**Q** 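Can you keep this structure in mind? I'll have questions shortly.
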Amino acid sequence: MLTGAQRRQGLAAGAASLTAIALFVVLPVTALLSTAPASSSQGGFFDGYTASLLRFTLLQAGLSTFLSILLAVPVALALARRPAFPLRIWIVRLMAVPMGLPVLIGALGLIGIFGRQGLFNRLLAFAGVEQPVSIYGLSGILIAHVFFNLPLACRLMLSGLERLPGEYWRLSASLGMRPLAIFRFIEGPALARVIPGAAGLVFMLCATSFTLVLVLGGGPAATTLEVAIYQSLRFDFNPARAVALALLQIGLTAVVLFIISRLPPADIAGVGEGRASRRFDGRSLLARFYDAGIIAAATLFLVLPLGAVVVAGLKADLLKLITMPAFRQAAFTSLAIAISAGLLAILVSLGIIAARAAIADMRHPPRPLKAFSAALSGMSSLVLLVPPVVLGTGWFLLIRPHADVTRAAPLLIAAINMLMALPFVMRVLAPAFETHAARTGRLGASLGLSGFSRFRLIDWPVLARPLMMALSFAMALSLGDLGAVALFGSQELTTLPYLVYSRLGSYRTNDADGLALILGVICLALTALGTAGHRRQT
Amino acid sequence: MRILLSTTCAVITALGFSLPASAAEKKTLTVYTYESFVSDWGPGPKVKAAFEKTCDCTVNFVAVADGVALLTRLKLEGASSEADVALGLDTNLIQEAKDTGLFATHGIDTSAASIPGGFSDDTFVPYDYGHFAVVYDTQTIKNPPKSLKELVDGDPSQKIAIEDPRTSTPGLGLLLWVKSVYGDEAPQAWAKLKNRILTVTPGWSEAYGLFTKGEAPMVFSYVTSPAYHMMEEKTDRYQAAAFSEGHYIQIEVSARLKSSKNPELAQKFLSFTLSPDFQAIIPTTNWMMPAAKPAEPLPPVFSKLAQPAKTYLMSPQDVAKNRDAWIREWLGAMSMN
């Protein structure tokens with residue numbers, strides 16, 4: 001029930017968001033294509049090499065998504081069943097850390113556990129196995145992708161389960177439903193609404209994976225399209241090929257996302273907040289052991305590699321690192337970029353949400369508006385697929401003739417990070433805003449509340465939490481991103497991940513480990529801030 | 001929501017203005033280079049101080065990720081580049097760089113340069129060099145390979161981490177080294193070496209990280225790498241293996257740009273890179289060998305480094321012409337099962 005003015009405002013906000021995103025992506029691509037040097041177009045574009053890249057990209061992303069989702073289901077179910085599990089909120093918070101770590105650091109952590117000299121192989125050697133088990137190859141890529149994406153999928157599913165009304169559990173208990181029946185009638189349908197969104201997100205993240213695939217893939221047989229895009233732009237400087245490959249990547253993934261979204265009834269999923277609702281099932285000893293076992297196994301899988309990062313980081317002289325001017329400057333730049341990216345992502349998301357609400361509010365929206373709504377949904381997730389190196393290079397070309405690139409670089413990086421964070425922020429905010437609008441829309445309108453007083457009295461108390469959470473999510477993502485910084489490079493502009501890589505690039509592995517640890521702690525602190533006060537909500 | 005909008009705008013504006021503008025009263029020489037050159041522990045700060053003493057000017061470094069990114073940046077900027085000097089390309093990039101038509105001939109006396117195998121060019125001035133080498137961990141590898149052939153034919157359970165020639169210059173260096181030694185037999189050599197390769201990383205940092213973490217007992221790096229560990233960490237645990245066939249060399253060069261507004265100053269800087277003062281800075285900050293005689297003798301640990309018996313270097317033209325074909329060949333050999 002919106003007034004005509006509200007509907008128009010909503011549509012305008014959505015149109016503004018969509019235009020901003022479209023311009024931000026299309027302009028640099030055009031700029032890149034128009035400067036393409038005429039030379040160096042060796043051979044056809046779609047040859048056997050590209051086909052093999054395509055095959056491998058699809059294979060590893062498909063398998064990674066399947067495994068991440070499959071393994072996340074029991075973990076999410078167990079966590080949802082155990083609202084009072086010891087340290088539960090910290091387990092859920094810890095799940096945000098892999099996302100905020102520079103990928104290479106996560107990979108080195110995994111290697112510390114599963115590598116040739118890792119804990120796992122040392123245990124095997126202790127047990128008498130002589131040849132170390134090698135993870136390099138497809139298995140290594142899969143382990144790494146599950147490590148980075150299972151926590152994400154799990155948080156998405158957990159929130160789907162936690163949004164179920166408490167009455168369900170009371171009713172199922174009074175009906176004496178068995179675990180299988182509960183799964184079939186309550187948990188299953190709730191998960192089915194979340195899984196398509198989660199799977200789509202994980203698939204996109206895995207399809208564009210680069211460093212992980214090369215480092216753990218063991219050889220050039222494991223190469224994704226993203227590697228080829230990077231190579232053609234950074235190494236061969238062939239923008240036409242880079243853009244063509246990027247389009248191929250986007251088109252292909254769009255098809256996969258479309259198929260995924262068609263499978264079961266799609267619904268937007270929120271991200272787990274660690275909120276607990278009262279459950280009456282799973283009281284038997286066996287069920288308790290099972291859940292505790294599942295949670296412990298998942299936590300161990302998450303904590304061990306993170307532990308390896310911590311152990312390595314503690315070997316560094318942390319005090320010296322923190323007091324260094326370069327660190328202070330990088331931390332300041334990183335946080336400034338992260339908070340800008342986070343606020344931008346929220347702003348753009350709000351525009352999209354408002355427009356979609358306005359369209360959903362109409363009983364019979366005209367066809368163009370339906371298409372507009374679909375474009376908003378599609379755009380807000382597909383932006384994850386545009387390679388940052390393409391955006392960065394294109395914007396560099398656009399800005400240089402008119403302004404100092406060094407000055408504009410932080411803004412560009414913030415905007416690129418905003419695009420990356422958008423799909424995540426949308427998944428946090430959309431369900432919260434939709435529920436809130438459904439609950440309070442009519443009441444607020446009948447009370448004649450609008451503008452600031454409505455915001456202060458009705459919206460802020462309820463929406464503050466999802467907003468904070470979305471902000472912390474986006475900031476963590478932005479903090480861990482090395483992204484396009486390297487291209488703009490100047491002495492003034494260094495971010496924390498850049499500092500980590502620059503130490504690694506000049507023999508100073510110890511310092512890099514220490515900085516990565518600090519970065520991980522900052523991410524955890526941000527997530528704790530974003531989910532603060534959730535425990536009181538039991 | 002208006003509050004959010006205005007907060008966002010305020011933060012963004014603050015972000016835009018948080019970077020200090022560079023004051024330009026004196027003449028400024030803008031040098032584009034790679035990131036590790038200008039880091040606190042790199043040669044950049046000392047080079048800047050030393051040159052500013054002689055020139056009554058300000059040296060402004062603009063640093064990008066690596067030599068390849070440096071050339072890309074110059075291509076993107078074209079004739080309107082701010083750069084007076086580009087420092088940090090390597091020999092494999094020279095032909096591509098010349099083809100851009102952006103560089104001016106140096107016109108200085110480079111007779112001070114002395115590089116194994118010799119190097120002279122009318123545009124690019126060498127400032128340091130390093131031979132590629134397999135660096136190994138003496139605690140794990142008791143009998144290091146003594147030749148490329150031994151590396152290829154050796155025990156496949158002793159692994160090496162190498163870099164990808166599609167995305168890194170050392171990776172390309174190894175490709176060219178194998179090609180120089182094996183010629184047309186290179187694919188067969190790669191097919192054999194493949195079993196010893198732990199993984200192929202996108203850049204040097206990842207491979208070296210795997211090595212210092214103990215995951216790979218060997219890594220493809222430089223003859224000079226052990227010097228860092230000996231001087232900074234006081235350990236001779238990591239050593240470079242001397243190969244009897246000889247080693248492939250990487251020569252780092254600088255050049256001035258045609259579009260430079262300070263051509264004399266740029267020329268002066270190029271001459272300065274071959275001066276004893278500049279050369280004395282290089283070994284212990286860039287961890288490469290000086291291209292000319294340094295003001296002070298090299299630190300003693302440099303005499304402990306492997307001495308390559310022979311130097312391989314393909315001409316930049318050959319590299320530019322064959323690189324794509326050789327990378328395809330490498331991909332084919334490495335992807336076979």
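It should be emphasised that the depicted structure is a prediction, and the values quoted were computed from it without experimental measurement. Numbers restart at 1 for each chain; the letters A, B, ... are given by sequence-line order, proteins then strands.
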**Q** Which of the residues B:E233, B:K159, B:E82 is involved in the greatest number of heavy-atom pairs with chain A at under 4.5 angstrom?
**A**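 Highest number of heavy-atom pairs under 4.5 Å: B:K159.
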**Q** Counting only heavy atoms closer than 4.5 Å, note whether B:P165 contacts chain A via side chain, backbone, both or neither.
**A**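 Contact with chain A is through the backbone of B:P165 alone.
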**Q** Looking at A:R508, A:R503, A:Q117, which has the largest count of heavy-atom pairs under 4.5 Å with chain B?
**A**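 Heavy-atom pairs under 4.5 Å are most numerous for A:R508.
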**Q** Quick one: what part of B:S81 sits under 4.5 Å from any heavy atom of chain A, side chain, backbone, both or neither?
**A**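 The answer is the backbone of B:S81.
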**Q** Is the backbone of A:Q329 close enough, under 3.5 Å, to the side chain of A:T333 for a donor and an acceptor to pair up by distance?
**A**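 Side chain of A:T333 to backbone of A:Q329: a pair is present.
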**Q** Counting heavy-atom pairs closer than 4.5 Å to chain B, which one of A:P220, A:G140, A:A13 comes out on top?
**A**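 Option with the greatest count: A:P220.
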**Q** Examine B:Y238 together with B:F211 and report whether their ring centres are nearer than 6.0 Å.
**A**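 Yes, ring centres under 6.0 Å apart.
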**Q** For A:S52, is it the side chain, the backbone, both, or neither that has a heavy atom closer than 4.5 Å to a heavy atom of chain B?
**A**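 Neither part, no heavy atoms under 4.5 Å.
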**Q** Please flag which part of A:Y230 lies under 4.5 Å from any non-hydrogen atom of chain B: side chain, backbone, both or neither.
**A**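 Side chain of A:Y230 only, per the 4.5 Å heavy-atom cut-off to chain B.
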**Q** Hey, which of B:E35, B:E77, B:H229 has the most heavy atom pairs under 4.5 Å with chain A?
**A**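 So the answer, after comparing B:E35, B:E77, B:H229, is B:E77.
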**Q** Looking at B:G203, B:S225, B:G214, which has the largest count of heavy-atom pairs under 4.5 Å with chain A?
**A**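 Heavy-atom pair counts peak at B:S225.
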**Q** Which atoms of B:S39 are under 4.5 Å from chain A, going by heavy atoms: the side chain, the backbone, both sets, or neither?
**A**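 Neither the backbone nor the side chain of B:S39 comes within 4.5 Å of chain A.
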**Q** For B:E232, is it the side chain, the backbone, both, or neither that has a heavy atom closer than 4.5 Å to a heavy atom of chain A?
**A**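 Just its side chain gets close to chain A.
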**Q** Between B:G44, B:S157, B:S80, B:G78, which residue shows the highest count of heavy-atom pairs closer than 4.5 Å to chain A?
**A**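 With the most close heavy-atom pairs to chain A, the winner is B:S80.
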**Q** By a 4.5 Å heavy-atom criterion (distance strictly below it), what part of A:T509 contacts chain B: side chain, backbone, both, or neither?
**A**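 A:T509 touches chain B through side-chain heavy atoms alone.
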**Q** Quick one: which of A:R400, A:M324, A:Q231 has the most heavy-atom pairs under 4.5 Å with chain B, could you say?
**A**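 Option with the greatest count: A:R400.
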**Q** Is B:R237 paired with B:D137 through a side-chain N to carboxylate O contact shorter than 4.0 Å?
**A**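 Yes, this pair counts.
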**Q** Is it the side chain or the backbone of B:S168 that comes within 4.5 Å of chain A heavy atoms, both, or neither?
**A**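 Only the backbone of B:S168 comes within 4.5 Å of chain A.
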**Q** Let me know if A:N510 has heavy atoms under 4.5 Å from chain B in its side chain, its backbone, both or neither.
**A**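 Nothing of A:N510, per the 4.5 Å heavy-atom cut-off to chain B.
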**Q** Which one, B:W41, B:W287, B:Y228, leads in non-hydrogen pairs under 4.5 Å with chain A?
**A**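 Of the options given, most contacts go to B:W41.
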**Q** Could you walk me through whether A:L467 and A:L429 pass side-chain contact (heavy atoms from CB on, under 4.5 Å), step by step?
**A** CA-CA 7 Å; A:L467 283 171; A:L429 291 185; 3.8 Å; yes
**Q** State whether the side chain of A:S232 and the backbone N or O of A:N238 hold a donor-acceptor pair below 3.5 Å, judged by distance alone.
**A**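 Answer holds: no.
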**Q** Contact between A:S334 and A:P497 at the side-chain level, heavy atoms closer than 4.5 Å - yes or no?
**A**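 Yes, at least one pair of side-chain atoms sits under 4.5 Å.
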**Q** Can you say whether A:A107 sits under 4.5 Å from chain B via the side chain, the backbone, both, or neither, judging by heavy atoms?
**A**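 Neither the backbone nor the side chain of A:A107 comes within 4.5 Å of chain B.
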**Q** What part of B:D40 gets within 4.5 angstrom of chain A, counting heavy atoms only: side chain, backbone, both, or neither?
**A**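 Just the side chain, heavy atoms under 4.5 Å.
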**Q** Between B:K75 and B:E96, does at least one N-O distance fall below 4.0 Å, as a salt bridge requires?
**A**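 The answer is yes: the pair qualifies as a salt bridge.
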**Q** Between A:Y498 and A:Y501, is the ring centre distance below 6.0 Å?
**A**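 No; A:Y501 has its ring centre 6.0 Å or more from that of A:Y498.
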**Q** Measuring heavy-atom distances to chain B, does A:L108 have an atom under 4.5 Å in its side chain, in its backbone, in both, or in neither?
**A**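 Just the side chain, heavy atoms under 4.5 Å.
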**Q** Do you know which of A:G112, A:S134, A:S502, A:G118 has the most heavy-atom pairs with chain B at a distance under 4.5 angstrom?
**A**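 The answer is A:S502.
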